[in-house]
Amino acid sequence: MDFSESPKVRTVRGIVREFMEKEVYPFEPALRHQGFKELLPTLKEKREKARQTGLWAAHLPEEYGGAGLSLLEFACMSEELGKSPIGHYLFNVQAPDVGNMEVLMEHGTPGQKERFLLPLVRGEIRSCFTMTEPEFAGSNPVWMGTTAIKDGGDWVLRGHKWFASSADGAAFAICMAVTNPDAVDAYRRASMIIVPTDTPGFTLVGNASVMGGRGGDWASHGEVSYQDARVPLANLLGQEGAGFVIAQERLGPGRIHHCMRWIGVCERAFDLLCRHAATRELAPGKPLGLKQMVQQWIAESRAEIHAARLMVLHAAWRIETEGAPAAREEISLIKFTVARTMQRVLDRAIQALGALGMTDDTPLAYWYAHERAARIYDGADEVHIEAVARRILGAYGMHSR
Ligand SMILES: Cc1cc2nc3c(=O)[nH]c(=O)nc-3n(C[C@H](O)[C@H](O)[C@H](O)COP(=O)(O)OP(=O)(O)OC[C@H]3O[C@@H](n4cnc5c(N)ncnc54)[C@H](O)[C@@H]3O)c2cc1C
């Protein structure tokens, strides 16, 4: 195996690192103390500067306005951007837009691309993805209450969703709704339908308050109601009944993006930990880093981050060479492993910084609260662990109904 980074990846990392140091890290205190809406003009300026680096929407092919990076190349960029909570947004590669762009590119009609994809790529609008419902367990994705029924030339949607990230301010939602309730295969019952958020019957009920946050900041999670929301039949995204197949396609690369972002979080937390350990003196001439317990946090974190990165890059390589279905086990493995690694590294960094770690003077406290969700969204840890274990035991002849 070749573990070297290509010259292109080194260039991409270099451009992003320079941008982060100049434009992003100095801006973080403002971000922590002011709201997203107040900061929008400055964010707009910074996004313009990010666009000028040539790495805007870098995961998309150039013909769509991206930089044409491969999954592996973009994974490395995602790590660099993940070192700040705002990195992905500035380069227009933030969830859920990044996944919605990929789905629209792969499955959108020319009309859908013109109306929804291109403005999204240009950064003129934002979008959201509405699948999870408060009344149904999201871990069982085929079980949902939202329906879309054909009526004349329209789909009529009815249902209740929540945790639609960035629904607040989104121009359109991709809605997962049951369109074929009688399909024998439960995975063929739902479809994806594009719903502009100004459609009568679409209501953003509010933002969930998450981990003490008011919910209205730049990482919002919306509750959405569809009450006879009517959109043209032409808003069907992909084939009728193909909603889950498309969702799986979306989630494979999406998990690579997330995991590399989390490794970026780990690297920044690790850097803060090490800086503090080397310079904070417990007594004159006695830095914290002399303590074996702190040395253990440092060495274990280094080993865990390194292992996590290799696992993710391997999964990305497997998706690129053999396709996402072949890499299902690797994708599940990284999803729960990296989320847990991030949680442990953040915890050690906060512990090492003491009271400073609890303040909002570093991004650690923000991440500690907000990234707890990493073990829940895109499939809870237990769902992935079960999938991996069942697959392994299946190879040993264990079968269940
Ligand atoms: C920050 C955040 C952002 C999100 N963004 C979006 C979004 O943009 N769009 C969207 O549609 N959804 C989004 N979600 C929802 C997310 O996808 C769901 O929360 C997730 O699928 C789990 O579903 P649930 O919350 O209904 O939990 P449930 O399915 O009710 O599960 C509850 C718990 O049960 C346990 N469990 C589940 N299955 C098993 C099992 N097989 N074995 C053992 N234990 C199990 C797990 O510990 C799980 O956490 C987001 C969630 C969060 C937290």
Side-chain angles (χ1 to χ4, degrees), residues 85 88-89 94-103 120 126-146 157 159-178 190-195 197 202 204-226 237 243-244 246-248 250-252 254-255 257-259 261-262 265 331-332 335-336 339-340 342-343 366-391 393 400:
H88 284 74
Y89 174 73
Q94 70 285 358
D97 291 331
V98 68
N100 290 347
M101 286 182 210
E102 281 168 353
V103 169
L120 197 56
R126 286 191 293 103
S127 65
C128 64
F129 185 74
T130 64
M131 178 162 166
T132 309
E133 305 184 357
E135 296 84 5
F136 292 83
S139 303
N140 179 1
V142 297
W143 201 31
M144 62 172 65
T146 302
L157 290 99
H160 184 202
K161 304 284 190 181
W162 80 337
F163 271 85
S165 300
S166 301
D168 193 352
F172 70 90
I174 295 180
C175 179
M176 185 77 106
V178 175
S191 304
M192 288 191 188
I193 296 176
I194 306 171
V195 184
T197 53
F202 176 102
L204 174 66
V205 180
N207 290 314
S209 169
V210 176
M211 290 276 184
R214 293 183 314 278
D217 67 2
W218 58 282
S220 66
H221 305 290
E223 179 182 347
V224 167
S225 163
Y226 292 95
L237 183 50
F244 291 115
I246 301 175
Q248 277 310 314
R250 177 186 190 269
L251 284 173
R255 286 175 181 138
H257 304 164
H258 272 310
C259 286
R261 180 171 66 75
W262 300 336
V265 170
I331 293 168
S332 280
K335 175 60 185 48
F336 69 82
R340 290 167 171 209
M342 173 173 60
Q343 214 184 350
Y366 173 85
W367 278 325
Y368 191 71
H370 283 72
E371 299 299 350
R372 175 63 182 82
R375 293 185 49 210
I376 296 173
Y377 59 71
D378 281 7
D381 279 9
E382 295 72 21
V383 174
H384 289 285
I385 288 169
E386 185 183 26
V388 169
R390 276 175 175 259
R391 184 178 280 258
L393 291 170
S400 69

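Order of listing sets the numbers, starting from 1, for every ligand and every atom in it. Owing to the predicted nature of the structure, the values given are computational and were not obtained by experimental measurement.
The N/O atoms of Glu386, backbone and side chain alike, include one that comes under 3.5 Å of an N/O atom in ligand 1. Considering backbone and side-chain N/O atoms, Met131 comes within less than 3.5 Å of an N/O atom of ligand 1. Any N or O atom pair closer than 3.5 Å counts here, and Tyr377 shares no such pair with ligand 1. Remark: ligand 1 and Thr132 share an N or O pair separated by less than 3.5 Å (distance only, no angle test). Distances between N or O atoms of Ser165 and those of ligand 1 include at least one value under 3.5 Å.
Put simply, the side chain of Gln343 does not reach to within 4.5 Å of the side chain of Glu371, judged on heavy atoms.
Near Ile376, meaning under 4.0 Å from any of its heavy atoms, are these atoms of ligand 1: 19 (O), 20 (C). In the vicinity of Ala373, heavy-atom distances shorter than 4.0 Å reach the ligand 1 atoms 1 (C), 53 (C). Proximity to Ala137 (heavy-atom distance under 4.0 Å) selects the following atoms of ligand 1: 26 (O), 29 (O), 30 (O). Listed by number with element, the atoms of ligand 1 under 4.0 angstrom from any heavy atom of Phe129 are 7 (C), 8 (O), 9 (N), 10 (C), 11 (O). The contact set between ligand 1 and Ala380, taken as ligand atoms under 4.0 Å from a residue heavy atom, comprises 46 (C), 48 (C), 49 (O).
Under 4.0 angstrom from ligand 1, the non-hydrogen atoms of His221 all belong to its side chain.
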- request: Report the C-alpha distance between Arg126 and Asp97 in whole Å, list the side-chain angles of each, state the deciding distance to 0.1 Å, and finish with yes or no for salt bridge (Lys or Arg N to Asp or Glu O under 4.0 Å).
  value: CA-CA 7 Å; Arg126 286 191 293 103; Asp97 291 331; 5.6 Å; no
- Item | Criterion side-chain hydrogen bond (donor to acceptor under 3.5 Å, both in side chains) on Ser165 and Tyr377, from CA distance to verdict | CA-CA 11 Å; Ser165 300; Tyr377 59 71; over 6 Å; no
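The distance from the CG atom of Leu251 to the CG atom of Asp378 is 5.0 Å, given to the nearest 0.5 Å. Here the CG-CH2 distance, from Asn207 to Trp162, works out to 13.0 Å after rounding to the nearest 0.5 Å.
Under the 4.0 Å distance rule, the nearest protein heavy atom to atom 34 (O) of ligand 1 falls outside the cut-off. Distances from atom 10 (C) of ligand 1 to the protein include at least one heavy-atom value under 4.0 Å.
Residue Lys161 forms a salt bridge (charged side-chain N to carboxylate O under 4.0 Å, His left out) with just one option from Glu135, Glu223, Glu133, and that option is Glu133.
Nearest protein heavy-atom neighbour of atom 39 (C) of ligand 1: Val383 CG2, 4.0 Å. Atom 29 (O) of ligand 1 has as its closest protein heavy atom Ser139 OG, 2.6 Å. The nearest protein atom to atom 24 (P) of ligand 1, hydrogens excluded, is given as Gly138 N, 3.7 Å; this is a heavy-atom distance. For atom 6 (C) of ligand 1, the closest non-hydrogen atom of the protein is Phe163 O, 2.6 Å.
Of the candidates His370, Glu135, Arg390, Glu382, it is Glu382 that places a heavy atom closest to atom 42 (N) of ligand 1.
Heavy-atom minimum distance, Tyr226 versus Ala173: OH-CB, 3.6 Å. Closest heavy-atom contact between Gly222 and Ala167: CA-CB, 4.2 Å.
In this model, a donor atom of one side chain and an acceptor atom of the other lie less than 3.5 Å apart for Arg261 and His258.
Under the 6.0 Å cut-off for aromatic ring centres, Phe336 and His384 do not qualify, their centroids lying 6.0 Å or more apart.
Other residues, nucleotides and ligands contribute more than 12 heavy atoms inside 6.0 Å of the CZ atom of Phe202.
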